[in-house]
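This report concerns only the one structure given below.
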Amino acid sequence: MNGMGGNTTVDSHWQMKMLNILCQIKELFMSCCGACPTTFLSRCLPDSLTVSGTIVCPVVNGKSVRLCLQEGSQSSPLILLDLPLNTSAFSSLIKHGMIRMVFECKCDSAGSKEPLLSNPQWVMYCNGVKMGLARRRELSWKDEWLLEMTRTVSAGAGFLPDKGSGGHKYLRGQFEKVPGSGSDHSQAYQLIDPSDSFGQELSIFFLGH
C-alpha cells in the first residue's frame, strides 16, 4: 500500500507540474494574441518579430542536437543550446508532424535584469514529455562554421559534410517571435511555413518562474 501511495503522490505532482506549464503557455498565447489566441499569424500580430532558427543534428549518434536562435543570419546567437536529445531521438519526434518544445527555468525571484534567454540551464519538455536538461553553450569555432555554412539558407533542410565528425544534418527556418505581453519571463517562437515546404509545425516556448 505504501508503494502505491508513493506512486500516486509522484503522479499527482507530475500532473500539477504539467498543468502549471500549460497554464503559462495559455497565458502567453492569450496575452500575445488577444482576440485570436489559437494562432500566430502576422496579420494578427503587427508587433511580432522574426528570428532565424537552426537545429543542427550531428550524424554521429550520441552527440547532442543543438538549437540556435538569431535575430539575423550574421548576428550572434540569442541562445545556443545543447538539447538532451541525439539525432536519432530527434528524428523520431519530428515524424509526428507537430512539435511543441517547452524550456523551463527558474528566474531570480528578486527580479533579475538579465534577459530570459541568458539562463544557463533549462528543463526541456517535448509534446508534454519531459526530455531532460538543456544547457546553454558558448559559441565555438565549429558552431561558427556551421552557422556560416547555412547563413544563406532562409528556410530548408540539408546536410553539411565534415570529415572530422561525419557531418551534420540541419533544419533552418524563420520563426515568429512573440514576447509575452508585459512579462520578461515568457517568450514564444513559431515556425513560419507559408508554403508548407517543411510539412512540420514547430513551436518553441521559453518559460521562467
Side-chain angles (χ1 to χ4, degrees), residues 10-29 31-32 49 51-58 60-71 75-94 99-144 146-147 165 168-173 175 177-180 183-191 202-209:
V10 172
D11 290 344
S12 299
H13 176 75
W14 176 250
Q15 289 172 2
M16 290 299 296
K17 180 78 171 177
M18 293 308 302
L19 180 60
N20 180 57
I21 291 174
L22 290 173
C23 286
Q24 286 182 272
I25 293 174
K26 181 180 178 181
E27 289 175 4
L28 179 56
F29 267 94
S31 64
C32 297
L49 301 173
V51 302
S52 297
T54 309
I55 297 175
V56 178
C57 302
V60 176
N61 206 14
K63 291 191 175 182
S64 297
V65 171
R66 297 170 199 166
L67 169 66
C68 178
L69 298 177
Q70 301 167 275
E71 287 188 338
S75 65
S76 298
L78 293 167
I79 189 167
L80 176 61
L81 291 175
D82 276 330
L83 305 185
L85 298 169
N86 58 28
T87 299
S88 177
F90 180 75
S91 297
S92 297
L93 288 173
I94 63 175
I99 299 179
R100 297 287 182 268
M101 292 184 184
V102 177
F103 296 93
E104 185 187 35
C105 73
K106 290 186 177 180
C107 297
D108 184 1
S109 58
S112 174
K113 298 299 182 181
E114 293 296 321
L116 174 64
L117 299 186
S118 67
N119 283 279
Q121 294 186 341
W122 302 80
V123 178
M124 179 185 177
Y125 303 85
C126 190
N127 294 344
V129 178
K130 186 176 181 180
M131 308 306 297
L133 197 64
R135 293 180 171 84
R136 187 183 177 96
R137 58 178 285 139
E138 295 298 322
L139 190 69
S140 67
W141 68 268
K142 179 58 70 71
D143 296 322
E144 290 181 344
L146 289 168
L147 293 174
S165 64
H168 301 79
K169 297 177 181 178
Y170 70 87
L171 170 68
R172 185 170 173 87
F175 288 75
K177 173 189 175 185
V178 190
S183 172
D184 295 326
H185 299 308
S186 58
Q187 290 186 23
Y189 297 82
Q190 172 74 24
L191 178 65
L202 174 56
S203 301
I204 303 172
F205 299 89
F206 292 95
L207 305 175
H209 64 85

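Treat the numbers as computed from the prediction; the structure is a model and nothing was measured.
For the atom pair Leu202 CG and Met101 CE, the distance stands at 5.5 Å (nearest 0.5 Å). Remark: Lys177 NZ to Ser52 OG distance equals 12.5 Å, nearest 0.5 Å.
Qualifying side-chain contact (heavy atoms from CB on, under 4.5 Å) partners for Asp82, counting only residues two or more places apart in sequence or in other chains: Ser64, Arg66, Arg137. Under the rule for a side chain to side chain donor-acceptor pair (under 3.5 Å), Ser92 has no partner lying at least two apart in sequence or in another chain. Residues passing the side-chain contact (heavy atoms from CB on, under 4.5 Å) test with Glu144, sequence neighbours excluded: Leu139. Under the side-chain contact (heavy atoms from CB on, under 4.5 Å) criterion, Ser91 pairs with Thr87, sequence neighbours left out. Take Ser76 and apply the side-chain contact (heavy atoms from CB on, under 4.5 Å) test, not counting sequence neighbours, and it matches no residue.
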For this session: Determine, step by step, whether Leu83 and Met124 satisfy the side chain to side chain contact (heavy atoms under 4.5 Å, CB included) criterion, reporting the C-alpha distance in whole Å, the side-chain angles of both residues, the deciding distance to 0.1 Å, and the verdict.
Result: CA-CA 8 Å; Leu83 305 185; Met124 179 185 177; 4.3 Å; yes
For this session: Could you give me the CA-CA distance, side-chain angles and deciding distance for Leu146 and Tyr170, then say whether side chain to side chain contact (heavy atoms under 4.5 Å, CB included) is met?
Result: CA-CA 9 Å; Leu146 289 168; Tyr170 70 87; over 6 Å; no
For this session: Would you please test Thr54 and Leu171 for side chain to side chain contact (heavy atoms under 4.5 Å, CB included) and show each step?
Result: CA-CA 6 Å; Thr54 309; Leu171 170 68; over 6 Å; no
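Side-chain contact between Leu67 and Leu80: absent, with no pair of heavy atoms (C-beta onward) separated by less than 4.5 Å. A heavy-atom distance below 4.5 Å is not found between the side chains of Cys57 and Leu85.
When every heavy atom of Leu81 is checked against every heavy atom of Trp122, the shortest pair comes out as CD2-CD1, 3.8 Å. The two atoms that bring Glu104 and Tyr125 nearest to each other are OE1-OH, 3.6 Å, heavy atoms only. Nearest approach of Leu117 to Gln187, heavy atoms of both residues: CD1-OE1, 3.8 Å. The nearest pair of heavy atoms linking Met131 to Leu93 is CE-CD1, 4.4 Å.
Proximity of a side-chain donor or acceptor of Asn86 to a complementary backbone N or O of Lys63 within less than 3.5 Å is not detected.
Using a 30° and 60° split on the angle between ring planes, Phe103 and Phe206 fall in the parallel class, below 30°.
In the displayed structure, Glu71 atom CD is contacted under 6.0 Å by at most 12 heavy atoms of other residues, nucleotides or ligands.
The one candidate from Leu147, Val51, Leu78 that meets the side chain to side chain contact (heavy atoms under 4.5 Å, CB included) condition with Gln70 is Leu147. Just one residue in the list Ile204, Leu116, Leu69 forms a side chain to side chain contact (heavy atoms under 4.5 Å, CB included) with Ile79, and that residue is Leu69.
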